[in-house]
Amino acid sequence: MINYAGIIIEFATVSEIDRPFTYVVPDDLKEILQIGQRVKVPFGKGNRQYVGYVVGLMEDIEPQKYRLKAISELVDEEPLLTSEQLEIIQFIVKYYGTSYAAAIDVVLPPGLKDEPISRAPSHQKIVKLNEDELKVKIYYEANRHKQSFAKQKWIIDYLRECSKIEAKRFEGMKDVSKSSLKTLIQKEIVKEEGEAILWVQDPIGYRAFKTLNDDQQAAVDYLQALQEVETYRTVLLQGVTGSGKTEVFLHAIKDVLERGGSALVLVPEIALTSQTLSRFEERFGNRVALTHSRMNAKERQRIYMRAKAGEISIVIGPRSAIFMPLPNLKLIVIDEAHDTSYKSEVEPKYHAIDIAKERMTYHKGQVLLATATPSLETYYQVKEMDYDIVRLDQRVGGATMPEVDIVDMRLELANGNHTVLSKKLYQAIEETLKQDKQVMLLINRRGHSTFINCRSCGYVLKCEHCDVSLTYHSSAQNLQCHYCGKTVAMPEICPQCGSKHIRYFGSGTEKVEAYINECFGEYGIGRMDTDTTTGKEGHRKILDAFRRKEIKVLIGTQMIAKGHDFPEVTLVGILSADASLYMQDFRSNERTYQLLTQAMGRAGRGANKGRVVIQTYNPDHFVMDVVKNHKQAVFYEQELANRKVMGYPPYTHIFSVLVVGVDEGQVIRTIHLLSQYFRYYSERGQNHFRVIGPSSAVISKIGDEYRWRLLVLGDIRDKLLIYGKYCLNKFYTHENVSGVKIQWDVNPQTMI
Ligand code: ADP
Ligand code: ZN
Ligand code: ZN
């Protein structure tokens with residue numbers, strides 16, 4: 001008999017109450033209470049009602065000092081959390097040092113209210129002909145020759161063929177007259193019924209599957225063998241763009257489904273194109289569902305419940321989809337697995353790959369990391385044999401890797417070319433367009449001019465609230481701060497010395513667009529960055545126009561470099577390869593390498609040979625060399641060696657602390673004091689940690705708040721986390737921390 005329940009209170013982000021509380025189970029719930037259900041419970045002095053989650057059920061407990069309170073009522077009958085999810089929640093709490101409440105919140109779909117979750121409709125109204133065939137026939141024969149019967153006739157004819165159809169869908173068909181349908185229902189020729197539907201899964205569309213080439217087949221065989229023995233593994237599927245990775249995991253998913261399992265596919269937030277989705281739908285029909293952040297909460301809750309009920313067997317979505325409760329989940333595919341969007345920057349700061357590994361360990365399935373440019377962390381795990389690797393080294397259909405030209409922009413300047421395009425890239429664009437092929441131009445900055453300065457006194461226009469220079473936007477005719485979003489009017493004179501000689505430097509997407517329009521306007525030019533794609537359908541429209549070749553040149557930020565497959569693109573130009581190279585981030589080589597390689601992957605995916613022109617002020621940098629000569633292995637080995645020497649991940653883990661506040665002096669005092677705690681406990685403890693800093697963050701002020709950073713590095717993640725939290729707790733206990741915020745993260749993906 002169940003008498004007590006352990007319950008986590010929903011809002012309990014404060015650490016003292018972030019644990020299960022014991023409640024008495026009232027008699028009427030004893031038979032029905034289950035782990036994972038939501039309940040309402042009185043909490044605190046005033047006994048206010050809160051929603052809580054049942055995480056444990058007990059027959060008996062140790063004697064308690066206080067009188068226990070009882071559960072008030074059940075919120076939903078069906079448990080919202082599966083036992084697997086409860087384990088994942090435990091993992092999140094432990095691995096990321098976060099609260100139970102935050103962990104539960106991230107696992108569940110958004111927008112839950114204190115009421116039963118919105119379910120997929122379990123009934124649907126259907127319409128069909130009266131089973132009394134004679135009655136129908138008499139009516140039909142009596143009227144069929146009348147002109148006015150045409151609309152009714154159409155309905156009867158249709159229903160004779162399809163036996164029954166969902167009422168809503170039928171009414172929505174363009175040939176169906178609502179009033180005629182109503183008449184037929186009144187005359188009992190057509191019957192309307194509410195029928196419980198069993199979700200009928202579409203059959204697998206076998207014909208849509210392509211015959212695999214040898215490399216692809218070997219990859220699929222490898223995954224099948226793992227399915228066969230039901231063993232957890234993480235497998236890197238490393239293949240250049242266009243080598244057929246997607247086709248491989250489509251086959252692998254088919255295999256999983258045939259075995260009665262289900263699969264999860266993660267894609268970077270903006271990379272999921274309608275094209276990718278249709279590749280899934282033509283093969284898996286209604287067994288596949290999409291979830292993403294632009295869907296409303298109700299829709300996402302429905303998909304969650306459908307998945308949980310086993311009606312759906314494949315869910316595709318961005319990072320947050322990793323928590324979808326699919327029963328018998330046997331494969332998690334992470335496409336473009338190197339993408340930084342898989343790491344959450346808000347509490348709980350999880351990485352989807354970590355969660356995927358945990359889930360597949362639970363289900364004895366596999367994580368498949370598909371990418372052309374694995375992260376250094378992933379590469380290292382393969383080297384250490386923690387991950388397996390399967391490779392696709394050839395592009396499908398014999399498409400070859402593009403030819404790469406590196407252009408030294410210093411020489412362009414020396415030769416008097418002040419435009420955004422080198423002579424070589426200009427000519428390449430011209431040739432490509434004349435051959436009726438398409439061009440992608442990548443520039444990693446939006447806006448027009450990224451830098452405004454006074455020629456008389458050298459003053460640089462910066463945001464009043466942030467330590468970043470303002471960007472000139474020609475479409476909006478103003479100056480914008482890309483960090484806090486503030487805009488200011490363009491000054492006519494220098495705010496410092498009054499000179500009229502204000503100049504605009506640096507190129508963003510707008511400037512490139514304007515210049516390309518001037519030179520090649522008649523071919524159709526499109527631009528894609530967050531300024532042009534804010535609307536819901538924004539980027540789809542641009543991409544569709546590009547696919548239809550209404551646009552011949554597409555200019556954009558890195559969002560155009562991701563995952564898209566445009567066979568007619570034969571030229572990719574990268575206008576500023578250096579922008580990411582010299583960020584003050586130990587990952588800058590890796591990021592640059594990935595960006596260039598991904599962008600290159602857009603060129604020559606069809607039958608046509610591709611070409612890539614990379615403009616840089618650092619043509620001798622080793623990243624340029626490995627990209628030009630397709631020396632992938634050299635890049636990884638050299639970069640790993642660098643990391644080892646520097647003591648950075650993947651050889652170590654980073655506990656990063658950021659102190660933020662409006663009073664600069666206080667921020668600096670706080671972080672210096674904090675660093676003393678870290679140094680003190682590092683020296684006293686058995687494990688030594690490396691403390692770097694404190695120093696002003698790369699962007700030292702955002703939205704009037706000053707930012708200072710401290711990095712603590714250690715070899716063992718668990719120990720580093722415990723130590724980091726320990727030092728912070730000591731600090732909070734002994735020091736007065738007011739007026740500043742302290743944020744921390746383990747292994748952050750960006751260092752701004
Ligand atoms: P990736 O995911 O590695 O970029 P895709 O799976 O998207 O590669 O394949 C690139 C293109 O080649 C797609 O248009 C795809 O339909 C096609 N393709 C992939 N595998 C095959 C195959 N075995 N036979 C024919 N076409 C294929
Ligand atoms: Zn000036
Ligand atoms: Zn700003």
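Each ligand, and each atom within it, is numbered from 1 in the order the structure gives.
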Look at [X] together with [Y] and state whether they make a salt bridge at an N to O cut-off of under 4.0 Å.
X      : Y      : answer
Arg279 : Glu247 : yes
Glu568 : Lys549 : yes
Arg391 : Asp215 : no

So is Gly239 touching ligand 1 or not, going by heavy atoms under 4.0 Å? no

Answer yes or no for Arg395: is there a heavy-atom contact with ligand 1 below 4.0 Å? no

Would the number of heavy atoms belonging to other residues, nucleotides or ligands and lying under 6.0 Å from [atom1] of [X] be above 12?
X      : atom1 : value
Glu345 : CD    : yes
Arg548 : CZ    : yes
Asp214 : CG    : no
Gln394 : CD    : no

Applying a heavy-atom cut-off of 4.0 Å, say which part of [X] lies close to ligand 1: side chain, backbone, both or neither.
X      : value
Leu392 : neither
Thr246 : both
Lys245 : both

At the Zn ion (ligand 2), what is the angle formed between atom SG of Cys497 and atom SG of Cys457, rounded to the nearest 10°? 110°

Using distance alone, decide if ligand 1 has a nitrogen or oxygen within less than 3.5 Å of any nitrogen or oxygen in Gly242. yes

Contact check: His465 to the Zn ion (ligand 3), N/O/S below 2.8 Å: no

May I ask you to check if any N/O/S atom from His482 comes under 2.8 Å of the Zn ion (ligand 3)? no

Are Arg283 and Phe209 in a cation-pi setup, meaning NZ or CZ lies under 6.0 angstrom from the ring centre and within 45 degrees of the ring axis? yes

I'd like the name of whichever of Thr211, Asn213, Leu212 reaches closest to atom 22 (C) of ligand 1 through any heavy atom. Thr211

Give the numbers and elements of all ligand 1 atoms closer than 4.0 Å to a heavy atom of Lys210. 16 (O), 21 (C), 22 (C), 24 (N), 25 (C), 26 (N), 27 (C)

